[in-house]
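This report concerns only the one structure given below.
Computed from a predicted structure; not experimentally measured. In what follows, every chain begins at residue 1, and chains take the letters A, B, ... in the order their sequences are listed.
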There are 2 protein chains.
Amino acid sequence: MNISDAANAAGLPAKTLRYYEDIGLITPGRGANGYRDYSPEDVHRLTFLGRARSLGFSIEDCRALLSLYADEDRSSSDVKQIAQRHLDDISEKMRGLAEMQATLQSLVSACAGDKRPNCPILSSLGQPKTTKD
Amino acid sequence: MNISDAANAAGLPAKTLRYYEDIGLITPGRGANGYRDYSPEDVHRLTFLGRARSLGFSIEDCRALLSLYADEDRSSSDVKQIAQRHLDDISEKMRGLAEMQATLQSLVSACAGDKRPNCPILSSLGQPKTTKD
DNA sequence: CCTTGACCTTCCAGTGACTGGAAGGACTAC
DNA sequence: GTAGTCCTTCCAGTCACTGGAAGGTCAAGG
């Protein structure tokens, strides 16, 4: 299976497949012409990868998950730990974003958004002791 | 004011101040010895920058905000537009994160997390047609 | 005057996870 | 044989820093 077919099957750009090979995640065989030749298993692992990435797992997490996936003697606790840590990361990110959102929302609401220069958003960034104008 | 004093005053690493000069955000004067010399206004702008960054504005947004901040003839609508777009970005990011969070949470909850290999997290990544094991 | 240590300078490289593009080889269809 | 599409490798860029090396400057102490 050539790279573009594998990419289509896995729902990933061909460039990404080359990148994954570069970093040693999934190394397909090679045909006589030097072309990459992806097996159905390779495609399956690529699909697995794509889903893990879409859940926000880092490449290193994905590497670990792939190796656990292949390991029949794994402990589900190892998998769960990775996922739980990632969940914690997500929660933290969401907290940070929510905080930004709240601050920004109050500033945006307070801003007239007209042709006058007076702007609580800039005032607040310039001297944050008061959140309001 | 030397770079490390300015960095302390603004609450940013000195490296970041050099970086901001590199990209043309804030260019301090120079002493006879070649050292950067930050004026109180420079420090004020750095502090402004730090706050904008901590609200998640991109460097390019910060550049625009700084220039609006300096412009007495600005329209507050220009500021508001930047902030509103950023708010929209934040909302989108939060939506994405919440989706990941929901999916991951249900998978983590379903995983025993013991020494057995059976794992709904890996099962789901391997064949996502069913979310459950 | 000399040394020590803390500061400052510039420049280069690395982060994460790709993405774009150039230069050139291989394959397919007509 | 040639046009067009695929494939290859390699290099550079993204974003906002961050780390570190090599070397200049300054203030204090002996």
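For the helix from C:dC1-D:dG30 to C:dC30-D:dG1, the rotation axes defined at the first and last 5 base pairs enclose an angle of 30°, given to the nearest 10°.
For the pair A:Asn2 CG and C:dG25 P, the computed distance is 19 Å after rounding to whole Å. In this structure, A:Asp22 atom CG and D:dA12 atom P are separated by 15 Å, rounded to whole Å. For A:Leu17 and C:dC18, the CG to C1' distance is 12 Å, given to the nearest whole Å. Rounded to whole angstrom, the span from the CD atom of B:Glu21 across to the C1' atom of C:dC11 amounts to 14 Å. Computed from coordinates, the B:Met1 CE to C:dC8 C1' distance equals 16 Å when rounded to whole Å. Rounded to an integer number of Å, the gap from B:Ile3 CD1 to C:dA6 P is 19 Å. Rounding to whole angstrom units, NZ of residue A:Lys93 and P of C:dG16 are separated by 13 Å.
Legend: residues meeting salt bridge (Lys or Arg N to Asp or Glu O under 4.0 Å) with A:Asp114, ordered by chain and number and at least two apart, are A:Arg116. With sequence neighbours excluded, the residues forming a side chain to side chain donor-acceptor pair (under 3.5 Å) with B:Arg36 are B:Glu21, listed by chain and number. Residues that satisfy the salt bridge (Lys or Arg N to Asp or Glu O under 4.0 Å) test with A:Arg63, not counting sequence neighbours, are A:Glu60. Residues passing the side chain to side chain contact (heavy atoms under 4.5 Å, CB included) test with A:Tyr69, sequence neighbours excluded: A:His44, A:Phe48, B:Leu122. Under the side chain to side chain contact (heavy atoms under 4.5 Å, CB included) criterion, B:Tyr19 pairs with B:Ile23, not counting sequence neighbours. Taking the side chain to side chain contact (heavy atoms under 4.5 Å, CB included) definition, one finds that A:Ser77 meets it with A:Ser75, sequence neighbours left out.
Residues from residues 61-70 of chain B lying near DNA chain C, meaning a heavy-atom separation below 4.0 Å, are absent. For DNA chain D, the neighbouring residues in residues 26-52 of chain B, judged by any heavy atom under 4.0 Å, are B:Asn33, B:Tyr35.
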In residues 3-17 of chain A, what donor-acceptor pairs under 3.5 Å come from side-chain atoms, sequence neighbours left out?
none

Quick one: side chains of residues 90-98 of chain B, donor-acceptor pairs under 3.5 Å with protein atoms, not counting sequence neighbours, listed by atom name and distance.
| residue | atom | partner | partner atom | Å |
| --- | --- | --- | --- | --- |
| B:Ser91 | OG | A:Gln101 | NE2 | 3.3 |
| B:Ser91 | OG | B:Leu87 | O | 3.1 |

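Under a 3.5 Å cut-off, the side chain of A:Asp42 and the backbone N or O of A:Ser39 do form a donor-acceptor pair.
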Open item on the list: Counting primed atoms plus P, OP1 and OP2 as sugar-phosphate and everything else as base, spell out the protein contacts along nucleotides 17-23 of chain D at 4.0 Å heavy-atom distance: B, S or - for each nucleotide, 5' to 3'.
Closed with: BSBB---
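Side-chain contact between A:Leu68 and A:Ile82 is present, with heavy atoms from C-beta onward closer than 4.5 Å. Residues B:Asp37 and B:Asn2 form no side-chain contact, since every pair of their non-hydrogen atoms from C-beta on lies 4.5 Å or further apart.
Between A:Arg18 and D:dT8 there is a side-chain N or O to OP1 or OP2 distance below 4.0 Å.
No engagement by A:Ile23 is indicated, since no non-hydrogen atom pair under 4.0 Å with the nucleic acid exists.
No hydrogens or angles considered: nothing links the side chains of B:Thr103 and B:Glu99 as a donor-acceptor pair under 3.5 Å.
B:Tyr35 and B:Met1 are members of different hydrophobic clusters when ILVMFWY side chains are connected at heavy-atom separations under 4.5 Å.
Between B:Ala52 and B:Cys62 the shortest heavy-atom distance is CB-SG, 3.7 Å.
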